[in-house]
Amino acid sequence: MQPRSHQSLEEINQSVAVPDVHQTAFWRKFLAYSGPGALVAVGYMDPGNWLTSLAGGGQFQYRLLTVLALAIIVAMFMQALAIKLGVVARQDLAQAIAAKLPRPIRYALWILNEVAMMATDMTGVIGTAIALKLLFGLPLLAGILLTIADVLVVLLFLRFGIRRVEFLVLAAIISVGIIFGLEVGRAHVQVGQVMLGLVPNSLIIKNHTALVLSLGILGATIMPHNLYLHSSLAQSRRYDYHDPLQVNEALRFANWDSTVHLIAAFLINALLLVLGGTLFFGHTTALASLQAVFNGLKNPAIVGALASPFMSWLFALALLITGLISSITSTLAGQIVMEGYLHIRLPLWQRRLLTRAVTLIPILIIGFMVGFSDAAFENLIIYAQVALSVALPFTLLPLVALTNNRQLMGSHVNRPAVTWLGYGLAGIITILNVYLVYSLF
């Protein structure tokens, strides 16, 4: 392990005690290590995922479920590398990359990643503002300004420890899962058809629109901020870093935590896609926007006897929950990137407000330019995926390279097969995202 100039997210670093490696209580250990995976999983169910999953279901029913499953499997692989970097090297991804680069390149990468963090935060802010408008008729400008409270919520909960934030996020994930479970349950889904959707098919090869939507699902699923976030949160558990057995156990349980919560994220996105495929297949005009979906859920002409204001209300409530929580985690990721690349040392509340301001200022400028139009803001979510696509190779490729560095990783260095698989997946994802950008323009 290499020395660090400072700890990643120092206010929570090594703040959660875990059982000793020699204790045998599996569930006690699992619960102690559980939590970081929940914060990361939220990034896989933000409003960008909503739009791609709903559109995929509305246009192709359940046939893109296999793409969603593949995206989550790839995400599990990449998150495992991020966990290993954090636990073994005791550095987050931003710190590890910055330590290997000269200052000009480091600053250039910071700018690129700052744009990506802004794009990630933007989807949460816009999703929250749209949800507030759907639920309470609040103007988009007021909803956007209210997201500053996200920063205050993070500060409040972190005063009592990262576990409070983890429990809050876990409760949010469970709530959203229950909401979509209720909506899909009322839709009387044909389970057999859904299971067939998990079987690989040739649709995306034959249909250009399906291919673009599939790339959108991939782009909205595998995002840079989750890798930065996980490499830092993996260091929140307190144990003996000098004990190889304890490090191995930390890696094992951190990966269990990640896998369980990413499966939960997959199930929620799958419920969204199934909801779109069951209620809106054949009525694709209803999926032009989140507002249109909200209206469609109470329109008997679209969803038949299932239409009700309650269905619409649940949809907007779930959007509000995921928007709020995803913007909190993206703010944390923004802090990691800023501190790791620039070595900025500011008081906690200043760092939180600074990372949120980096997102809010351009959103407000664009908002005034377009008159705070719902359609324009939802288009911003789509274009935010483009920014993430551009930044993605500059995150995936260094992650694979760093975890393949024996000086940094010691005995936990990647096996050759893992390294080649990592480079191969990063290359494929990069090519697909370049094609996605090309297709959008």
Side-chain angles (χ1 to χ4, degrees), residues 42-43 45-52 110-155 216 219-220 223-226 228-229 288-292 294 316 318-338 349-392 437 440-441:
V42 167
M45 57 183 79
D46 68 4
N49 296 83
W50 281 50
L51 290 174
T52 54
W110 168 70
I111 293 172
L112 178 64
N113 280 283
E114 199 63 63
V115 172
M117 295 303 111
M118 182 182 70
T120 301
D121 202 14
M122 185 180 293
T123 62
V125 169
I126 294 174
T128 300
I130 291 174
L132 290 171
K133 181 179 180 181
L134 296 177
L135 286 169
F136 309 111
L138 202 65
L140 285 178
L141 174 58
I144 290 169
L145 293 175
L146 277 176
T147 60
I148 296 173
D150 292 352
V151 182
L152 303 178
V153 170
V154 175
L155 288 171
M223 294 181 289
H225 85 284
N226 284 323
Y228 285 101
L229 184 63
S289 67
L290 294 170
Q291 174 76 62
F294 177 81
L319 177 62
L320 177 63
I321 293 171
T322 53
L324 285 169
I325 300 301
S326 65
S327 61
I328 289 174
T329 56
S330 61
T331 301
L332 286 172
Q335 178 184 336
I336 292 164
V337 166
M338 186 173 292
W349 67 271
Q350 290 183 18
R351 281 179 279 156
R352 292 277 189 263
L353 287 176
L354 181 59
T355 52
R356 175 45 54 90
V358 167
T359 299
L360 284 184
I361 291 173
I363 290 178
L364 291 173
I365 292 173
I366 295 171
F368 283 112
M369 291 173 61
V370 300
F372 290 94
S373 159
D374 291 39
F377 271 112
E378 289 195 23
N379 284 332
L380 274 182
I381 294 178
I382 296 173
Y383 287 112
Q385 305 308 315
V386 175
L388 295 173
S389 300
V390 172
L392 194 57
V437 173
L440 288 175
F441 294 97

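Since we're looking at a predicted model, the values are computed, not measured.
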For the residue pair Ile130 and Leu140, establish whether any side-chain heavy-atom pair is separated by less than 4.5 Å.
yes
Nearest heavy-atom approach of Ser330 to His225 is CA-CD2, 4.2 Å
Heavy-atom closest pair (Ala131 atom, Ala316 atom, distance to 0.1 Å) is CB-O, 3.6 Å
Can you find a heavy atom in the side chain of Leu364 that is under 4.5 Å from one in the side chain of Leu141?
yes
How long is the span from the CG atom in Asn226 to the OG1 atom in Thr120, to the nearest 0.5 Å?
8.0 Å
Minimal heavy-atom distance between Val337 and Glu114, with the atoms involved, is CG1-OE1, 4.3 Å
Contact summary for Tyr228 and Met117, nearest pair of heavy atoms:
CD1-CE, 4.2 Å
What distance do Asn113 atom CG and Ile336 atom CD1 have between them, rounded to the nearest 0.5 Å?
11.5 Å
Shortest non-hydrogen separation from Gly143 to Ala129 and the atoms involved
C-CB, 4.0 Å
Approximate separation, where rounding is to 0.5 Å, of Ile321 CD1 and Thr128 OG1
11.0 Å
Per side-chain contact (heavy atoms from CB on, under 4.5 Å), Leu319 is matched among Leu135, Leu324, Leu290 by Leu290
